[in-house]
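Start at 1 with the first residue, then count along the sequence. Reckoned from all heavy atoms, side chains included, excluding hydrogens, waters and symmetry mates.
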Amino acid sequence: MKQWKLILSIARTHLLTKLKSTVTAALGVTFGIGAYITLVSFMTGLNHMLDDLILNQTPHIHLYNEVQPTKRQPLERIAAYTDDLLDLRSVRPKQGQQKIHNALPILDYLKNDPRVYGASPQLRAQIFYLSGSLDLGGVLMGVDILEEERLSNIGDYIVDGSAQALENSDNGIILGMGLAQKMSLAPGDRLQVSTTEGATFPLKIVGLYQSGIAEIDNSQSYAKLKTVQQILGKPSNYLTDINIKLNKIEEAVPMARELERQFRIKARDIQEANAQFETGTSIRNLITYAVSITLLIVAGFGIYNILNMLIYEKMNDIAILKATGFSGRDVQNIFMSQALLIGLAGGLLGLLIGWLLTLLIDTIPFETEALPTITTFPVNKSPWYYLIGITFALLSTFIAGYLPSARAKKIDPVQIIRGN
């Protein structure tokens, strides 16, 4: 213990006598770690914001009945006509194919499955929005709005009104912001919707919805499931979609295949629905971490150069230490201690600077009509980044100090004293 106290005392004396070099090396670590914390916190925060924008509106599994022609055409079922020249093709699919058969029993089954966090029924209706002489085509989604809010955070995107207001209204509608702007409508106004068969139904606007995705905001609106069933003249068991959120997202792919086999229905998992988006996210993350690690490595090379010069300047001191009984390992430990002290001091200061910069970024206003729920630039304040930062600071200074200290360990004091 006494030996280590002496080694640390000598290391501190060396650092203080060459204060300019010490500060330069520490600042190299400080700015490297500070830049790493700031960059990785901001970039991952931005990636998480983009992920949430898409994935919050994407169920882990989407059940629906895909409209497609029968694989075996009518004449193919009769053996006597299979080799005839006359054949009938492209027989239209049944209109009722969009309906999920046995939807309510499937819904009950899903809600009792321990893997399922929640399942939300939906009825998708192609309609026309009518206001005065203006009519626009779009989609009206019949939903259980409170369950939808719990599973998809739809409430975060309702910029005027609330999900509860729709739940309390039998003829209410939450209108897409793009539609409201095109038709000059606001909450409290009334509009009519028309089905493809020509039936019309009056609705009262109880809220405005803005997802940040123009294609959705310009065409899609929400109403209660019961309301849309009445508009279409369908029974209470008529559903076109079921959205599922799982407790563990990694179970989405195998469970989707399981549901397809069990209920003979199309099940699209989140990976299939967002394959291109996930590829983009992976590339952004790769670039972020590559740049961050580069910053840390550059700082490490700066420390190596400074420590190397420091040892060169301390040749006479090394000779005196060895001549007074210090072993080569003791000399190496002195210079390793210097490197680690520089790494610790610079790393802690870098964490502080990175933390202050992320706080500053988190207060900068970020206002855009496309993302009404985002008020400031997104920052990810994960403690893991700070742990990685200080670990890398100590590791890089250890490696940067090891090579020069190993050289100091092998120095012959006699040659130094002779002036060689």
Side-chain angles (χ1 to χ4, degrees), residues 7-8 11-51 281-311 313 332-364 366 376-406:
I7 288 174
L8 291 176
R12 185 185 64 180
T13 302
H14 281 181
L15 292 175
L16 293 177
T17 54
K18 290 291 183 179
L19 190 59
K20 184 177 180 180
S21 298
T22 301
V23 171
T24 303
L27 287 178
V29 180
T30 297
F31 289 117
I33 299 300
Y36 163 76
I37 294 294
T38 305
L39 178 65
V40 76
S41 297
F42 176 65
M43 290 301 297
T44 55
L46 183 63
N47 286 342
H48 288 168
M49 182 196 73
L50 295 174
D51 289 347
T281 299
S282 300
I283 293 174
R284 289 196 304 271
N285 286 334
L286 180 62
I287 293 173
T288 299
Y289 290 117
V291 173
S292 301
I293 292 173
T294 301
L295 288 172
L296 297 177
I297 292 175
V298 169
F301 276 110
I303 297 166
Y304 168 78
N305 289 330
I306 291 171
L307 289 176
N308 205 31
M309 290 299 297
L310 189 62
I311 290 174
E313 294 171 355
Q332 183 178 25
N333 288 337
I334 289 172
F335 286 96
M336 286 298 300
S337 299
Q338 292 181 45
L340 291 176
L341 287 173
I342 290 173
L344 181 62
L348 291 176
L349 185 58
L351 295 184
L352 178 61
I353 291 177
W355 179 66
L356 292 175
L357 287 175
T358 55
L359 289 181
L360 177 63
I361 294 173
D362 199 25
T363 60
I364 299 175
F366 179 70
T376 60
F377 279 97
V379 174
N380 183 5
K381 300 175 183 177
S382 172
W384 282 107
Y385 300 142
Y386 294 84
L387 180 61
I388 292 172
I390 192 64
T391 301
F392 200 95
L394 294 174
L395 182 62
S396 61
T397 50
F398 177 85
I399 295 174
Y402 179 80
L403 296 178
S405 65

Residues in side-chain hydrogen bond (donor to acceptor under 3.5 Å, both in side chains) contact with Tyr385, at least two apart in sequence or another chain:
Thr44, Asn380
Only one of Ile33, Leu387, Leu356 clears side chain to side chain contact (heavy atoms under 4.5 Å, CB included) with Leu351; which?
Ile33
Taking C-beta and beyond as the side chain, do Trp355 and Ile37 meet within less than 4.5 Å on heavy atoms?
no
dist Ser41:OG -> Phe377:CZ (nearest 0.5 Å) comes out at 15.0 Å
So CG of Leu357 and CG of Leu352: to nearest 0.5 Å the spacing works out to 9.5 Å
For Leu360 and Thr363, which heavy atoms make the closest approach, and how far apart are they?
O-OG1, 2.7 Å
Say you draw a straight line from CG of Leu27 to CD1 of Ile342; how long is it, rounded to the nearest 0.5 Å?
10.5 Å
Measure across Gly45 and Pro378 and return the closest heavy-atom pair with its distance rounded to 0.1 Å.
O-CB, 3.5 Å
Rounded at 0.5 Å granularity, tell me how far CG in Leu394 sits from CG in Leu340.
6.5 Å
Distance check, rounded to the nearest 0.5 Å: Phe31 atom CZ versus Thr38 atom OG1?
11.0 Å
Which heavy atom of Gly343 sits nearest a heavy atom of Ala393, and at what distance?
O-CB, 3.9 Å
Would you say the side chain of Phe42 lies within less than 4.5 Å of the side chain of Thr358, judging by non-hydrogen atoms?
no
